[in-house]
2 protein chains.
Amino acid sequence: MPASAGVRRRGAVRSEEARIAVLGATGRLFATQGYDHLTIEGIAAEAGVSKQTIYRWWSSKSAVVADALIEDKLLPDHPVVPDTGDIRADLIAWMQSLIDLVAQPGNDGLVRSLVAAACESPDIGTRLNDALGITATVSTRIEAAVAAGQLPADLPVMEFVRALVGGFVLHSLERSEPAPDIAERLVRALLH
Amino acid sequence: MPASAGVRRRGAVRSEEARIAVLGATGRLFATQGYDHLTIEGIAAEAGVSKQTIYRWWSSKSAVVADALIEDKLLPDHPVVPDTGDIRADLIAWMQSLIDLVAQPGNDGLVRSLVAAACESPDIGTRLNDALGITATVSTRIEAAVAAGQLPADLPVMEFVRALVGGFVLHSLERSEPAPDIAERLVRALLH
DNA sequence: TTAACTGGACGCACCGTTGCGAATTACCGG
DNA sequence: CCGGTAATTCGCAACGGTGCGTCCAGTTAA
């Protein structure tokens with residue numbers, strides 16, 4: 001009798017090795033080529049796996065990317081918001097580290113790729129938030145500032161975070177020359 | 001002798017008719033299918049034009065889209081920021097009309113398509129700003145508010161606009177249930 | 001004469017699907 | 001306990017379809 005309540009399955013079991021290989025290959029190709037040049041056939045080749053194995057378990061390119069995102073195969077470590085008690089300085093420092101991150105060579109198209117992926121699939125958009133933890137880490141810091149009386153109690157935290165991140169995203173998409181004080185200006189636009 | 005200083009060209013001249021047809025077809029297909037399902041072959045067929053004619057004058061899909069954007073073939077009329085003297089109310093009204101615009105049936109994927117296009121081509125991102133006039137119309141209103149003393153004199157206007165629009169974009173990408181007071185909350189996140 | 005146009009064809013890449021043989025794993029009757 | 005059978009996985013290979021970007025031939029217009 002099966003230990004679990006699930007119906008007993010018959011036949012070969014899913015290859016964990018193949019699953020890992022696919023997600024790893026997706027991460028590597030995503031990093032080097034970006035989202036839009038990512039292909040199922042390319043992933044299959046890189047992973048040393050048959051195309052059918054991918055189609056059996058994932059419904060689309062965006063589904064694979066979403067899973068790779070969850071398993072942290074896609075992104076380098078992302079900065080967390082510091083908490084020195086000075087909300088403005090903390091946000092500026094965090095924003096600056098974000099900007100430095102995407103300014104590193106090899107990360108040119110990172111934001112672009114992530115946004116493109118989010119455009120294609122509703123899942124990715126929401127999972128991006130969860131996986132990156134951006135919303136979580138920033139909003140807890142904001143709420144702490146609200147509790148400390150540094151920000152008004154009725155501040156719509158969710159929308160504040162969205163405006164902050166959205167400003168960063170638009171800035172990245174414009175690919176303009178990065179003004180050195182852009183982090184400070186962006187935060188000051190929100191905290192005046 | 002040619003009137004202009006340019007070297008006299010021989011042979012047929014570029015067909016303005018074909019150019020207009022291409023940009024018009026691009027606008028129609030963009031509206032109905034969105035950016036990512038837009039194809040050169042589809043545009044050629046819709047415009048009643050040979051594929052070669054498109055490739056002769058534009059280098060890529062994004063180039064065609066960028067040109068269509070410039071000629072105002074892509075977007076419905078976009079709202080302008082009112083000026084009642086109350087900056088907060090004006091911004092909320094404007095943001096609400098933006099939200100209503102993309103909430104209309106048929107405009108579901110509009111923001112998504114525009115952002116996807118902006119991801120693919122640097123031109124489109126910057127031209128989007130110019131063509132929509134978003135940056136211009138909002139920032140003049142903001143500057144008026146600054147002049148009226150309703151906003152601090154050292155407010156980074158550019159970044160303020162980016163945060164506002166960016167918040168709207170991220171909200172659109174998430175495709176979540178649109179909270180009825182989202183416009184008011186977004187503006188309040190910036191103006192507290 | 002020269003350049004732009006149409007129409008059609010090409011090879012290439014990738015899509016998403018299907019069929020096949022081989023391997024793996026549970027069940028079931030002897 | 002053992003061997004057969006059914007179910008399910010895998011890899012390999014092919015299919016038709018679509019769009020890409022290019023090229024060529026023939027026609028039309030300055």
Side-chain angles (χ1 to χ4, degrees), chain A residues 1-26 28-30 32-67 113 116-117 119-121, chain B residues 1-4 6-26 28-30 32-67 113 116-117 120-121:
Chain A
M1 184 182 188
S4 75
V7 176
R8 195 68 127 107
R9 272 197 63 272
R10 203 140 65 141
V13 82
R14 174 173 185 183
S15 160
E16 180 69 9
E17 192 183 358
R19 196 185 132 267
I20 298 296
V22 167
L23 296 184
T26 302
R28 284 192 298 277
L29 294 180
F30 184 93
T32 59
Q33 307 179 337
Y35 178 77
D36 26 357
H37 293 111
L38 208 57
T39 68
I40 298 281
E41 300 200 334
I43 295 173
E46 168 80 14
V49 146
S50 141
K51 211 169 38 152
Q52 294 61 28
T53 300
I54 298 185
Y55 277 111
R56 194 189 320 271
W57 300 108
W58 292 277
S59 59
S60 64
K61 179 171 82 168
S62 41
V64 184
V65 171
D67 262 19
S113 281
C119 282
E120 188 178 290
S121 140
Chain B
M1 183 185 187
S4 74
V7 177
R8 184 67 125 114
R9 278 194 9 88
R10 297 173 56 127
V13 82
R14 173 173 185 184
S15 161
E16 180 69 8
E17 191 182 359
R19 196 185 132 267
I20 298 295
V22 167
L23 296 183
T26 302
R28 284 192 298 278
L29 293 181
F30 185 93
T32 60
Q33 307 178 339
Y35 177 77
D36 25 357
H37 293 110
L38 209 58
T39 67
I40 299 279
E41 300 200 333
I43 294 173
E46 169 80 14
V49 147
S50 147
K51 219 173 26 157
Q52 184 65 262
T53 301
I54 297 184
Y55 277 109
R56 195 191 318 274
W57 300 108
W58 292 278
S59 57
S60 64
K61 180 171 81 169
S62 42
V64 184
V65 171
D67 262 18
S113 282
E120 188 175 295
S121 141

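So you know, we letter chains A, B, ... as the sequences are listed, proteins then strands, and number each from 1. We use all heavy atoms of the structure for the numbers below, so side chains are in, but hydrogens, waters and symmetry mates are not.
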DNA chain C nearest-nucleotide lookup for B:A18 and B:G11: closer to the 5′ end is B:G11

Value in whole Å for how far the P atom of C:dC15 lies from CG of B:D36 = 15 Å

Whole angstrom value for the distance that separates P of D:dA7 from CZ of A:R10 = 6 Å

Donor-acceptor pair under 3.5 Å, B:Q52 side chain vs C:dC5 base = no

Can you tell me the distance, in whole Å, between the CD1 atom of A:I43 and the P atom of C:dG16?
-> 11 Å

Report the residue (A:T53 or B:T39) whose heavy-atom-nearest nucleotide on DNA chain D is the more 5′ of the two.
-> A:T53

Would you mind telling me which of D:dC12, D:dC10, C:dA3 lies closest to the side-chain atoms of A:S50?
-> D:dC12

How long is the line joining CD of B:E16 and P of D:dA30, in whole Å?
-> 13 Å

Can a cation-pi geometry be assigned to A:R19 and A:W57, taking NZ or CZ under 6.0 Å from the six-membered ring centre and within 45° of the ring axis?
-> no

Determine: side-chain N/O of A:R9 to OP1/OP2 of C:dT25, distance under 4.0 Å, yes or no.
-> no

Measure from CD on A:E41 to C1' on C:dT17 and round the result to the nearest Å.
-> 12 Å

Would you find a donor on one side and an acceptor on the other, under 3.5 Å apart, between the side chain of B:K51 and the backbone of B:A44?
-> no

What's the shortest heavy-atom distance between B:L29 and B:E46, and which atoms?
-> CD1-CB, 3.9 Å

For A:W57 and D:dG11, give me the distance from atom CH2 to atom C1', rounded to whole Å.
-> 15 Å

Give a yes/no answer on whether the side chain of B:W58 brings an N or O atom under 4.0 Å of OP1 or OP2 in D:dG21.
-> no

Validation row: B:T53, B:V22 side chains within 4.5 angstrom (heavy atoms) = no

Round to the nearest Å and state the distance from B:K51 atom NZ to C:dC10 atom P.
-> 13 Å

Between CZ of A:R19 and C1' of D:dG11 the distance, given in whole Å, is 20 Å

Is the side chain of B:S113 donor-acceptor paired with the backbone N or O of B:Y35 at a distance under 3.5 Å, no angle test?
-> yes

Between B:L38 and B:V13, the residue closer to the 5' end of DNA chain D by nearest nucleotide is B:L38

Nearest-nucleotide pick for B:S15, side chain only, options being D:dC10, C:dC5, D:dG21 | C:dC5

